[in-house]
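Below, chains carry the letters A, B, ... as their sequence lines are ordered, and counting in each starts from 1.
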Protein chains: 2
Amino acid sequence: MAYNKNDRRSRTKGRPTLNEVAHRAGVSPITASRALRGVATVAEELVRKVEEAARELGYIANPAARALASAHSQSVLVLVPSLANQLFIDTLEAIHSVLRPKGLEVVIGNFHYSREEEEDLLRNYLAYQPRGLLLTGFERTESSRRMIEASGLPCVYMMDLDSGSGLHCVGFSQVNAGAAAARHLLSRGRQRIAFVAAQLDQRTLLRGDGFRRTLQQAGRYDPAFEILTPRPSSVGLGSELFAQLLAAQPQIDGIFFCNDDLAQGALLEAARHGVKVPEQVAVLGFNDLPSSAFMVPRLSSIRTPREIIGRRAAEQLLDLIAGKTIAEPVQDMGFELVLREST
Amino acid sequence: MAYNKNDRRSRTKGRPTLNEVAHRAGVSPITASRALRGVATVAEELVRKVEEAARELGYIANPAARALASAHSQSVLVLVPSLANQLFIDTLEAIHSVLRPKGLEVVIGNFHYSREEEEDLLRNYLAYQPRGLLLTGFERTESSRRMIEASGLPCVYMMDLDSGSGLHCVGFSQVNAGAAAARHLLSRGRQRIAFVAAQLDQRTLLRGDGFRRTLQQAGRYDPAFEILTPRPSSVGLGSELFAQLLAAQPQIDGIFFCNDDLAQGALLEAARHGVKVPEQVAVLGFNDLPSSAFMVPRLSSIRTPREIIGRRAAEQLLDLIAGKTIAEPVQDMGFELVLREST
DNA sequence: TTGTAGGCGTTATCAT
DNA sequence: ATGATAACGCCTACAA
């Protein structure tokens, strides 16, 4: 019997193909395919044979061929604004932990807080035909929105909540979190309360809104007590802004920082200048990063449930991919005020 | 003229294909392909036409089809041990900045300091037929080594140096860095010098070796002044280990931490207990993370050139992919002692 | 410089 | 329950 050129039984180099597995198992390629994917009805014994053949050959499916034939890859595209913020690393880990066991690859796109970059990432990565999308927040370009819509892909939005839109989202109310921060500082008897924010992404701004509104309602809002800068958040920036704020407004007795790294920098700067925290000025952070608990004084913060958000968002996406209807498209995971020594 | 079923001129749904671009430009698909990739010799005017057609159609090549036909994707696989360490984020950013403009996608694999996980990642991601590999360090399983070898892919090793092997690597001598740390502490007149390390990956251990050897040569080595733990490095752990070490060995007057986060934790713990740094005990970190410069006192550290390492490694890989011969397969990027207030 | 033919490895569709 | 056949969209090889 002559082998035709498509027959790979005798091939000795390169990775094994489904064909070879099929031959070794004595079945047709399509049966091997089905057996390996656990779909449809394949006789138990055949499944066993195929799996054995695959194992012996060290067979691993070619994702490109698979994607081409099925018109979709086994990946999920996750877009985050930064990798420098531990917040998103934690989120990614959580996502990973639920998607990986399901055989889905997590493709990470870092858009550096740039809407244009996010748009580019979408344009490029959508071409990979991912199974679903995990996006951060609701703020993006019109083009991005259209591409997401046009892709028809299941999509879950993380970190923020948006009840009106009908979008699937898992997060917490940024506005409420900001309000809670203000209420806490107020409850500590603080009178002249500042807000310091960097990066100025949508969520930061919403936090600021909630914070500001609460202060206003308490008759304690002063726009001079606000520093907003688009510069990237960091410990160094926190030190700098703290010094700047206290120099300009020495009477301030409470500060809410939009992220823990800023607050940590403030704590450090305060120590350097002998400013007593919380006696002279209370410092409240946001996100509760791991190191915050070890600052001097230990930083009070608002803990955001990024692990749960990541997990739930991934699970919800899994359901969407499976075609299930989501009972609760808007999942509020809340947040937690973590009181330590700095407030 | 009847359209055959392969003819997509009239197709109205789904993403545009190369065929459609070709038709619109009035050329054959292969010419369109060549024009878009900028390969071979295609008449300038045809290139223009094809590009215009592609733009009008919003054409984006299907990576799966491309990978299947060409037997390789447009991705580079980068394997790092952690995303929680800013060190690797910086490295990834640098890699990104050189590979992205060349049209290469950076696929990130986080192996969580686990050799087994790295092996899994290789097994899975090699199936994607990346153009090249960017790996961290030299420590891995035999299987991993074999897979890398068998893949025949260009590969550059980052962070450490290994002159004997003939492997391409970009990094610095971990041993020398450890030695430099010891020499510095010694030069500060420290007599009882400790070494605190977590994670215990190969590079950390090598740093320890260099550090230890230098102390031994100076007659100042005491094994009781060493804490090695496989637990993950963090600020909190640094605080804990510092307290533990000083309780057990109060006479210690200098400590080298294998990573800045540990050193930062130590500084915080010292402040909490009124231990004077550097008067009573000098604290030296490693990597020089951004926040270290803002600690109280400002942390002395050894700055590792991860940005340059990432960039150079990526550039070297690009050369390898292009089939160029590398003049300097081993690139020592050095390190820098950053003296601040803690030593 | 351009085009033709064929195949890359897998899965969907339709039979059996 | 299993298989034959034909795509999937692009690129390599070779031919013109």
Hey, what are the protein-to-nucleotides 12-16 of chain C N/O distances that come in under 3.5 Å?
{"residue": "C:dA12", "atom": "OP2", "partner": "A:R37", "partner atom": "NH1", "Å": "3.4"}

* To do: State whether A:R306 and A:D90 are salt-bridged, where the test is any N-O pair (Lys NZ or Arg NE/NH1/NH2 against Asp/Glu carboxylate O) under 4.0 Å.
  => yes
* Asked: How long is the line joining CZ of A:R48 and P of D:dA1, in whole Å?
  -> 18 Å
* Residues in side-chain hydrogen bond (donor to acceptor under 3.5 Å, both in side chains) contact with A:R311, at least two apart in sequence or another chain -> none
* Interatomic distance, B:N62 CG vs C:dC8 P [rounded to whole Å] -> 18 Å
* Which part of the nucleic acid, if any, lies within reach of A:A61 when heavy atoms closer than 4.0 Å are counted: base, sugar-phosphate only, or nothing? -> sugar-phosphate
* To do: Kindly write out the residues that satisfy side-chain hydrogen bond (donor to acceptor under 3.5 Å, both in side chains) with A:Y128, not counting sequence neighbours, or none if the list is empty.
  => B:E105
* Any A:T17 side-chain nitrogen or oxygen under 4.0 Å from OP1 or OP2 of C:dG9 -> no
* To do: State which residue, out of B:L320, B:L135, B:L167, fulfils the side-chain contact (heavy atoms from CB on, under 4.5 Å) condition with B:C155.
  => B:L135
* **For B:E139, all residues meeting side-chain hydrogen bond (donor to acceptor under 3.5 Å, both in side chains), sequence neighbours excluded** => none
* Base, sugar-phosphate, or nothing for B:A43, non-hydrogen atoms under 4.0 angstrom? -> sugar-phosphate
* When rounded to the nearest 0.5 angstrom, what is the spacing between NE2 in B:H23 and CG in B:L57? -> 11.5 Å
* Calculate the interatomic distance between A:R15 atom CZ and C:dC8 atom P; express it in whole Å. => 14 Å
* To do: Please list, chain by chain and in numerical order, all residues satisfying side-chain hydrogen bond (donor to acceptor under 3.5 Å, both in side chains) with A:T136, sequence neighbours excluded.
  => none
* Full working for side-chain hydrogen bond (donor to acceptor under 3.5 Å, both in side chains) between B:T141 and B:S143 -> CA-CA 5 Å; B:T141 67; B:S143 289; 4.8 Å; no
* Structure fact -> From CG of A:N19 across to C1' of D:dG3 the rounded distance in Å is 13 Å
* **Under-4.0 Å side-chain N/O to phosphate OP1/OP2 contact, A:S28 with D:dT2** => no
* Interatomic distance where CG belongs to A:L18 and P belongs to C:dT10 [whole Å] -> 5 Å
* Asked: Within this structure, what is the NE2-to-P distance between B:H23 and C:dG3, rounded to whole angstrom?
  -> 12 Å
* Asked: With respect to the side chain of A:A65, which nucleotide from D:dT2, C:dG3, C:dG9 is positioned closest?
  -> C:dG9
* Asked: Take atom CZ in A:R131; do more than 12 heavy atoms of anything else shown fall under 6.0 Å from it?
  -> yes
* **Helical bend (five base pairs per end, nearest 10°) for the helix from C:dT1-D:dA16 to C:dT16-D:dA1** => 30°
* To do: Would you indicate, yes or no, if C:dT10 has its OP1 or OP2 atom less than 4.0 angstrom from a side-chain nitrogen or oxygen of A:Y59?
  => yes
* Starting from C1' on C:dG9, measure out to CD1 on A:I60 and report it in whole angstrom. => 14 Å
* Asked: Could you state the CG-C1' distance from A:L68 to D:dA6, rounded to the nearest angstrom?
  -> 13 Å
